There are 2 protein chains.
Amino acid sequence: MTQHFQRPGDPLFTQRTPRVVAAVKLHRRRERDKAGRFLAEGPQAVREALAAGAVREIFVTEDGHARHRTLLRGANFSVVTDEAMASLADTVTPQGVIAVCDLLDVPLDAALARAPRLVAVAVEIRDPGNAGTVLRTADAAGATAVIFAGDAVDPFNPKCVRASAGSLFHLDVVRAPDAAATLAALRDAGLRTLATSGYGATDLDDLADDGSLARPTAWLFGSEAHGLPDDLRDAADAAVRVPIHGRAESLNLAAAAAVCLYASARAQRH
Amino acid sequence: MTQHFQRPGDPLFTQRTPRVVAAVKLHRRRERDKAGRFLAEGPQAVREALAAGAVREIFVTEDGHARHRTLLRGANFSVVTDEAMASLADTVTPQGVIAVCDLLDVPLDAALARAPRLVAVAVEIRDPGNAGTVLRTADAAGATAVIFAGDAVDPFNPKCVRASAGSLFHLDVVRAPDAAATLAALRDAGLRTLATSGYGATDLDDLADDGSLARPTAWLFGSEAHGLPDDLRDAADAAVRVPIHGRAESLNLAAAAAVCLYASARAQRH
């Protein structure tokens, strides 16, 4: 936590205050990677970030300070103008509080060393909202790691942080550019690798029936536009389709991830 | 289907052509209800609308005509300028084809007369993207009716139509402003009414275990911001919670709907 340099009566931080300027740059992935920091916006995310010990500094508006007193108790923070908050925030109607956090992804090896029993792997997902939803859904289903594999969106993108509704701070988040190597490492760690595909040879219900979902499992999800790359689907232990009972062409990513991860959660607990 | 009034060499329809002006108005709910029509944008939606016999007229750009020849074969259409398409379309990068369709919602009684075995009820959902995802997920899970109850978003909102990925044309879509009366009608029709709630007394896994999900079921989903109204939750046959195994506060609406509807689909087919 940085010091709170403002004293009562000091002027508010503006868009031109160097620390605000530095924080605004964190909207760009390159700057996040360079600084090793990212932004967590809104009271829920800031609360989870504080609980995770990830917070470097907090900016609040005067209004945000009044609204989030409990959250800010004991924390150091700097009061900023509404204009400064507008430039820091990703939302159209900011909630008045935003934290600069340390990037908290872990290496793949470290995540696998904890012997996870349920892992979600998002492969080449480009939409930050989808990425955040996968984090939230995986967390709810009891997965303990989410891996962003291949040329995927940065999970520390502000829209992803927001869509994750705090779950980004609950799980091991891994960035693994080499998707094929990730698959091999998952298998070496004793996880069964299941590739989701609308044309998968294995029906999810059959897997649930034969009891094999109770094993430690890594689910691979592709982007909504392109699905999983063929080579990765073929390299997985099985290609699994969620049954489509009606006339929909497919499920969206969030729905498919929920059905698959919850099928595993149920099997692993029975 | 209206006549194709243009002949080869005729000028393209512009933003000021009366039929384009009339169609652009359909972005507003009041105008949709007044005209009894709505817009379906992009080749997938137009294809499903044509298959459903719901199309009144089609607008294409010259580029869209070149790209979607197969889709447009045998259909009457009018060629519009890119500017006219931009005003008709809801997307930033329109796909060059849009259809004016008849509103195709059915009265609650008509939907219930078909003795549906799986129904999704979206109560006071305001977000059109969520509404469309519920339609898509319900269709995939084999539900045959989706009811928008209470003060809900209009399912014929362009964003909802798009998010439904064609499923709007596959299901019985019902608009039912009186949510309490809807619940009573569902029960009278022999459907078990299950209210989703993070604090529900019944765990979804227990329902799946006791076999009762095999019965004809209507699932009630509330908005992500507010959940279901208390009185409706209490009036349902059971309040059901999707188990949260990790530290997430909740699932988002799309994920919760997918898990619940697929649990029913599985039970009803076993």
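Nothing here was measured: the structure is a model prediction, and the numbers come from that model. Protein chains get the first letters and strands the later ones, always in sequence-line order, with residue 1 at the start of each.
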Walk me through it: do R192(A) and D237(A) pass the test salt bridge (charged side-chain N to carboxylate O under 4.0 Å, His left out)? CA-CA 6 Å; R192(A) 190 176 188 211; D237(A) 294 326; 5.4 Å; no
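- Using a 4.5 Å cut-off between heavy atoms, S167(A) contacts chain B through its side chain alone, with no backbone atom that close.
- In the displayed structure, H270(B) atom NE2 is contacted under 6.0 Å by more than 12 heavy atoms of other residues, nucleotides or ligands.
- Judged purely by atom type and a 3.5 angstrom limit, R126(A) uses its side chain to pair as donor or acceptor with the backbone of D151(A).
- Looking at S250(B), the atoms closer than 4.5 Å to chain A (heavy atoms on both sides) sit in the backbone and in the side chain alike.
- Of the atoms belonging to A208(B), heavy atoms from both backbone and side chain fall under 4.5 Å from chain A.
- By the salt bridge (Lys or Arg N to Asp or Glu O under 4.0 Å) test, E224(B) is found to be paired with R136(A), residues two or more places apart in sequence or in another chain being considered.
- By a heavy-atom distance cut of under 4.5 Å, A258(B), V259(B), Y262(B), A265(B) are the residues of residues 257-265 of chain B near chain A, going up by number.
- Taking T137(A), V242(A), D205(A), L204(A) one by one and counting their heavy-atom pairs under 4.5 Å with chain B, the maximum is reached by D205(A).
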Side-chain donor-acceptor distances from residues 46-54 of chain B under 3.5 Å, at least two apart:
residue : atom : partner : partner atom : Å
E48(B)  : OE1  : H170(B) : NE2          : 2.7

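- For D206(B), the salt bridge (Lys or Arg N to Asp or Glu O under 4.0 Å) test picks out no residue, with sequence neighbours left out.
- Checked by atom type, the side-chain pair R117(A)/T217(A) shows no donor-acceptor distance below 3.5 Å.
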